[in-house]
Amino acid sequence: MCGIIAYIGDKYCKDIIINGLKRLEYRGYDSAGIAILMPDNENNGNSPQNRIAIVKQAGKIKDLEESMKDMDFDSHTGIGHTRWATHGAPTQVNAHPHADCTGKIAVVHNGIIENYAEIKEELLQKGHKFISETDTEVLSHLLEEYNNDGDLLASMQKLIRKIKGSGAIVALSADFPDEIVGARLASPLILGIGKDGNFLASDIPAVLEHTRNFMIINDFETIRIKKDKVEIFDMDGNPVQRDPFKVNWSITSAEKSGYEDFMQKEIFEQPFGIKETMRGRLVDGELQFEELDITEEQIRNLNKIQIIACGTSSHAALLGKQLIERWARIPVEVEVSSEYRYKNPIVEKNCLFIAITQSGETIDTLAAIREAKSRGAKIVAITNVVGSTVARESDSVIYTHAGPEIGVCATKTFTAQIIVMYLMALYFGKVTGNLNEDEYKKIVKEIELIPDKIQTILNDAVKIKKIADHLYKYRTFLFLGRIFGLPVALEGALKLKEISYIHAEGYAGGEMKHGPIALTDTNTTVVGIIPKDFVYEKMLSNIEEVKARHATIFAIATEGDSEIQKYSNYVFYIPQSIEELYGILTIIPLQLFSYYIAI
Ligand code: F6R
């Protein structure tokens, strides 16, 4: 995820900013940059000709430092950024900070500007020139446009009302050398109050070595920091009084935002990752999928969709298959990438080929893409990493915007992939005419509620922990699910074996009687994915079969289902939704379950 640090004060800013960026490295990034206010100290009484020096590099912070080593930065005011690409490849030009046409304004930004294309169009017509592929560049030009009012903060306040999407934004202007301004819209931004100056940052660790006094900035608030003063303003520009709070965390625990480790942090970040992935694609109830780069006519003519992926991504593919077949009635074939290239694959006419890969670098998936391409397939990639090899080698790319995944287990990228599958299946369903307007609207409404419902589940994490405390000594776990619950069962089992080294298998509930039931006895825990859907009764009879063999039963069920308690030793309830969306809701308790079992 991108990182921001800004400093204004008595000390030289360069090292403070570079060290702050290093403290943000743990978030993952692909490029970095810094903008420093170079004061005009020799103006001899004329109006000062301050300027902004910007240095940026693709790659590591040490590369940025290397490119700055012979430069003289005698300055006390600057901003820095680590970028995790969302719009445009991770190149030097796309790295932040971004300047306006005059080079007097520099902006860094975390988040996604949904309406950047229309703002860019307006600015182009006014004569602005753009050099990057980023959404962020519109911000520096907007500030330039608004700057005529002679008040940088007022320009920022106008800007935050203009943009849609998410953003923690910080700006520096050569015309306002005594201040740095910022704004927040759904992306974290904190203000640090120090003895020798003040800070803005995306995250506490960036400045924890300089101060322990912080204020959180809320949505639509703007901030102005000077070397000895900080001011916060609400949406209407009124000053806001806020007391700072003290942080006692060590830098290491601050990096994990107080979570024990990155896996736990990433599980809890899922509502945010999902919102970011939906951003700009589901706008006012309408789906926007230009990135797919296929016409509606081509969608209607599809004979088949082929999806390839590995591990967790292949489970997202299996869920996608269920959804596309149900909502769009297009047949979908899912194949693990490692098998694809060895089977002399057939690439059919009118078949859409989709590759799902979190990292965009998995060699089996890459090899499968190359094989399919060599046979004439057009590839749509779904990946979390802008500029990854898979992204570069595919014909079109749909990015999940979950932020970089640092924990070894895929968690937040999985739910972001599922969201793309939901949106894509819904889009195909609408285009093919298989979903009528009422069905479409009902599904959209439910999809929009997913982040809040996941948050409700996460708020109950302690209940899962208690169940894990009872079950962690079992050595065999069977995860059972049907239809939408089957990919969840496979993923639940994969998470458990991967993180706890305990034997776990995922099965279709109805398959138990065909052999695996022999494994169940008093030493087995069966985890049943049993939401209230059209296979609920079927799942209950599958659970009865394993209960008869004395297995311990842990059920993931829908809120309000008291019947399930008769069948289970432990139950965790998820919020109600429509049947098709139970996949994404039921996986959250299973991620938490494998995490707590491993602990
Ligand atoms: C499981 C896990 C792996 C990956 C698999 C594919 O937690 O992380 O199973 O899902 O290696 O990786 P990507 O999605 O990067 O192609």
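Throughout, residue positions are numbered sequentially from 1 according to the sequence presented. In each ligand, atom 1 is the first atom listed, and ligand 1 is the first ligand listed.
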Quiz question for you: does at least one protein heavy atom lie closer than 4.0 Å to atom 11 (O) of ligand 1? no

For [atom], what is the nearest protein heavy atom, given as residue, atom name and distance?
atom	answer
atom 7 (O) of ligand 1	Glu498 OE1, 2.6 Å
atom 4 (C) of ligand 1	Thr312 N, 4.1 Å
atom 15 (O) of ligand 1	Ser359 OG, 2.6 Å
atom 13 (P) of ligand 1	Thr362 OG1, 3.2 Å

Is [X] salt-bridged to [Y], going by a charged N under 4.0 Å from an acidic O?
X	Y	result
Glu580	Arg326	yes
Glu25	Lys62	no
Glu491	Lys495	yes

For Ser313, take its heavy atoms, then give the atoms of ligand 1 lying under 4.0 Å from any of them. 10 (O), 13 (P), 14 (O)

Enumerated ligand 1 atoms positioned under 4.0 Å from heavy atoms of Cys409: 7 (O)

Smallest separation among heavy atoms of Ile556 and Thr586, with atom names: CG2-CG2, 3.8 Å

Below a 4.0 angstrom heavy-atom separation, can you tell me which part of Lys495, side chain or backbone, both or neither, approaches ligand 1? side chain

Val408 contact mode with ligand 1 (heavy-atom cut-off under 4.0 Å): backbone

State whether the side chain of [X] and the backbone N or O of [Y] hold a donor-acceptor pair below 3.5 Å, judged by distance alone.
X	Y	value
Asn434	Trp327	no
Thr432	Arg329	no
Gln264	Glu260	yes
Ser31	Gln92	no

Best match, Ser388, Ala355, Ala309, Cys310: closest heavy atom to atom 6 (C) of ligand 1: Cys310

Below 3.5 angstrom, do we get any N/O pair linking Ile356 and ligand 1? no

